Amino acid sequence: MRWLILVLVFYRTAFAATETLTVNDVIQKILAKSPDRGLIDQTYHGSESLIYAAKSPFSTDFNMNYGYELSRLQALSGITNPEDRNLTMGTGLSKKLPTGTTMGVQYSRTVQRSVLSNFTSALRPPNQTQDLVSLNFRQRLLNNMFGFQDRIKIEVANISRTKSHIDRDESLERLVMDSIRAYWDCYAAKESLRENLVAREKYKTLVEYIQRKHKQGLTDRGELSRTEAELSNQERAVKTASLGYINSIERLYLLMNQPIPEEVELSVPDLLPPAPAETQPVEVGSLRKIKSQALAVQAAEQERGAAMKADLPSLDFVGKLAANAVEKTGDRSLPEMINGRHPNYFVGLEFTYAFDSDLIRSERVAKQVQYQTSLIQMEKLKAETLAAVDHTARNARAKYLVAKSAVETSESWEKVIAEQERNFRFGRIASFELTQDYAIYLRSIAARSLAIADYNVSLQEYLEARDQLIKE
C-alpha cells in the first residue's frame, strides 16, 4: 500500500492534468507537434536545393570593374610613351539559356592621359578616351547539344524532388507506426498494473482470512507463511508494473512532445476490430516504396543517357559584334560608338575533343552501374513489398485468433477463480491450490493484454504495408 501511495504522490507532483487518449489522438499530436515530424519536413524541403543547383548555370551574371594604371614600361619596338596613365571601367551582363546558348553584352571605357614621345606626338593627342561595346553569342552544337545535358540535370532534380515528397510520406508513416506501438505498449503496461493491483487485493484478502484461521489454530503448518510470501511477490509485481507503466507513458509523451498529465485514460472503442480478409489484392505499382524506386530508375536512366553522350566532341558556333570609338573626350567618343561607325564582326567555330579521357570513361561506367543497380533494386523491392503485404495480412489474422483465444481463456479463468474462492471459503480446497490458480489467472490476464496489443499493432502494420495508415 505504501508503494501505491508513493506512486500516486509522484504522479500528482510531477505531472499536470488528466487526459483521455485514443490512437487517433496520438497520431494527430505526433503529426502536429513531434520534433521528428519537423526533421522529416526539413529533409523534404532540402530537396528544393537540387532544383536551384540544376538551374544555377542559367542565372544572369552581372560584372563591373574599375581600375587605374600608371605605366612607364618600355617595348622592344621602341614605340612607347614615357608615361601612360589609364583609367578603365566596364560593366556587362551574360546569360546562359537552356538551349545551350550563351549570350552577353559588355561595355568598357578607357581614359588615357599620356606623356608622348617625339615619335608618338605626331600620331595622336596626349589625352584620349575609348568606348567599346560588344555583343557575344555562343551555341553548343555537339557535346551538350542545344542544352541537352543541362535540361537532363533539371529533369533529374525535379524527379528527385518528387521522390523526396514520396519518401517524406513514407517516413511520416513510419513515425506514426512508432507512435501506435508506443500507445499499445502503454495499454499493455496499464492493464498489467491494473490487474496486478486487483491480484494484490485478492492476496491481501486471502492473507487476512488465513491469519484469522491461524489465530484459531485451523491452518496447516507453513500455510500462513507461504501465503504471506505470495503476497510479497505480488507487491513486487505491482512495483515492477508501476515502473513499466510510468516508463511507457513517458516514452509516448516524449514522442508527442507533450507535457505528461496527472492521469492518462487510454480510450479503445474496439479492442478486437475485424481481421483483414483472406483476399485483398494490392496493385504493387501504386505503393509509395515502388513509386519512389521507379523515380530512382527514371533518374538513373536519364543520367546514363547523358553520360553516354559526354564523350562527344565540343563544337561551338561563336559570334561577336562590336563597335568602338576613340576621341579626345568621352562626350565625343560615346556618341561615335553608338553610331556604329567603327564596327567589328566575327563568326566562327570552336572544336574541342578530349582523346582517351579516363574521366569520361569512369563517369559512363558509374552511371551504367547506377542504372543497372536501380533496376535490380526495383525487382527486389517489388518482391519484398508483396511478401510484406502477404506477411502482415497473415500475421494480423493469426494474432486475431490468438487474441480472441486469450480473451476467452481469461474469461474462463475468471469463472474458475470465482468458483475456487467459494470452494476455499467452504474448505473444499487448500490455500496453496487457490494461490496456484491465482498465478495461472494472472498469467492469462497478462497474456490477454499482450495479445490484444500485439493484434492491434499487427493490424496497423498491415495497413502500413498497404500505404493505408496515413493519406498522402
Side-chain angles (χ1 to χ4, degrees), residues 44 46-63 92-106 134-167 285 289-321 345-382:
Y44 165 68
S47 65
E48 294 290 332
S49 65
L50 300 175
I51 304 295
Y52 296 130
K55 292 182 177 180
S56 61
F58 309 120
S59 60
T60 301
D61 296 330
F62 171 76
N63 66 81
L93 289 173
S94 64
K95 174 74 173 179
K96 184 177 180 180
L97 304 178
T99 57
T101 307
T102 303
M103 303 181 70
V105 57
Q106 190 75 27
S134 63
L135 298 175
N136 304 293
F137 175 86
R138 179 180 293 270
Q139 177 66 55
R140 307 300 297 268
L141 299 178
L142 279 181
N143 193 311
N144 195 25
M145 181 189 309
F146 295 99
F148 167 76
Q149 291 180 331
D150 292 331
R151 292 195 299 275
I152 287 287
K153 291 178 182 178
I154 295 176
E155 186 173 351
V156 168
N158 283 318
I159 292 172
S160 297
R161 181 174 59 179
T162 304
K163 182 179 183 298
S164 179
H165 178 77
I166 296 173
D167 292 342
K289 289 180 180 179
I290 305 303
K291 287 181 180 179
S292 177
Q293 186 58 33
L295 290 172
V297 171
Q298 184 180 348
E301 185 177 15
Q302 294 281 6
E303 291 181 329
R304 184 193 65 157
M308 293 300 107
K309 297 180 180 179
D311 62 346
L312 290 174
S314 176
L315 179 63
D316 296 350
F317 173 76
V318 181
K320 181 178 181 180
L321 169 63
Y345 307 98
F346 173 81
V347 292
L349 295 174
E350 289 186 4
F351 180 85
T352 306
Y353 184 63
F355 289 95
D356 196 30
S357 172
D358 288 335
L359 179 61
I360 294 176
R361 191 177 295 115
S362 67
E363 182 72 9
R364 177 186 292 181
V365 171
K367 295 304 181 182
Q368 178 67 23
V369 170
Q370 178 182 334
Y371 174 65
Q372 293 298 331
T373 301
S374 66
L375 289 177
I376 295 171
Q377 288 174 338
M378 170 63 88
E379 295 305 314
K380 181 173 180 286
L381 188 60
K382 282 182 178 179

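The shown structure was predicted, so the numbers you read here are calculated from the model rather than taken from an experiment.
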**Prompt:** Between K289 and L381, does a side-chain contact (heavy atoms from CB on, under 4.5 Å) hold up when you go through it step by step?
**Reply:** CA-CA 8 Å; K289 289 180 180 179; L381 188 60; 4.1 Å; yes
**Asked** Does the gap between the ring centers of F355 and Y353 come in under 6.0 Å?
**Response**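 Yes - the distance between ring centres of F355 and Y353 falls below the 6.0 Å cut-off.
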For the pair [X] (side chain) and [Y] (backbone), establish whether a donor and an acceptor sit closer than 3.5 Å, ignoring hydrogens and angles.
| X | Y | result |
| --- | --- | --- |
| Q368 | M308 | no |
| S160 | V156 | yes |
| S374 | Y371 | yes |
| N144 | Q149 | yes |
| Q106 | L135 | no |
| N143 | A310 | yes |

Min side-chain heavy-atom separation [X]-[Y] under 4.5 Å:
| X | Y | value |
| --- | --- | --- |
| V365 | S362 | no |
| L141 | D316 | no |
| R304 | R364 | no |
| L375 | V297 | yes |
| T101 | F146 | no |
| L349 | V318 | no |
| K320 | S134 | yes |
| V347 | F137 | no |

Working to the nearest 0.5 angstrom, can you tell me the gap between [X] [atom1] and [Y] [atom2]?
| X | Y | atom1 | atom2 | value |
| --- | --- | --- | --- | --- |
| L312 | I360 | CG | CD1 | 9.0 Å |
| L295 | H165 | CG | NE2 | 11.5 Å |
| I51 | I154 | CD1 | CD1 | 8.5 Å |
| R161 | I159 | CZ | CD1 | 11.5 Å |
| S94 | D61 | OG | CG | 4.0 Å |
| S59 | K95 | OG | NZ | 6.5 Å |

Over 12 foreign heavy atoms within 6.0 Å of [atom1], [X]:
| X | atom1 | result |
| --- | --- | --- |
| K55 | NZ | no |
| M378 | CE | yes |
| Y52 | OH | no |

**Message:** Assess whether a salt bridge exists between D150 and R140, defined as any Lys/Arg side-chain N lying under 4.0 Å from an Asp/Glu carboxylate O.
**Reply:**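 No, D150 and R140 are not salt-bridged.
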**Message:** Regarding E303 and K153, does a basic nitrogen lie under 4.0 Å from an acidic carboxylate oxygen?
**Reply:** no
**Message:** Cation-pi check for F148 against K309: NZ or CZ below 6.0 Å from the six-membered ring centre and within 45 degrees of the axis, yes or no?
**Reply:**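 Yes, K309 and F148 form such a contact.
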**Request:** Go through the steps to decide whether K382 and I290 satisfy the test side-chain contact (heavy atoms from CB on, under 4.5 Å), and finish with yes or no.
**Result:** CA-CA 7 Å; K382 282 182 178 179; I290 305 303; 3.9 Å; yes
**Complete:** Looking only at heavy atoms, the pair that brings A53 and P57 closest together is O-CD, 3.8 Å
**Request:** Provide the closest heavy-atom pair for P313 versus L142 in the form atom of the first, atom of the second, distance.
**Result:** O-CB, 3.1 Å
**Qualifying residue, where the test is side-chain hydrogen bond (donor to acceptor under 3.5 Å, both in side chains) with Q302 and the options are E155, R151, K367** =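 Answer to the side-chain hydrogen bond (donor to acceptor under 3.5 Å, both in side chains) test with Q302 among E155, R151, K367: E155.
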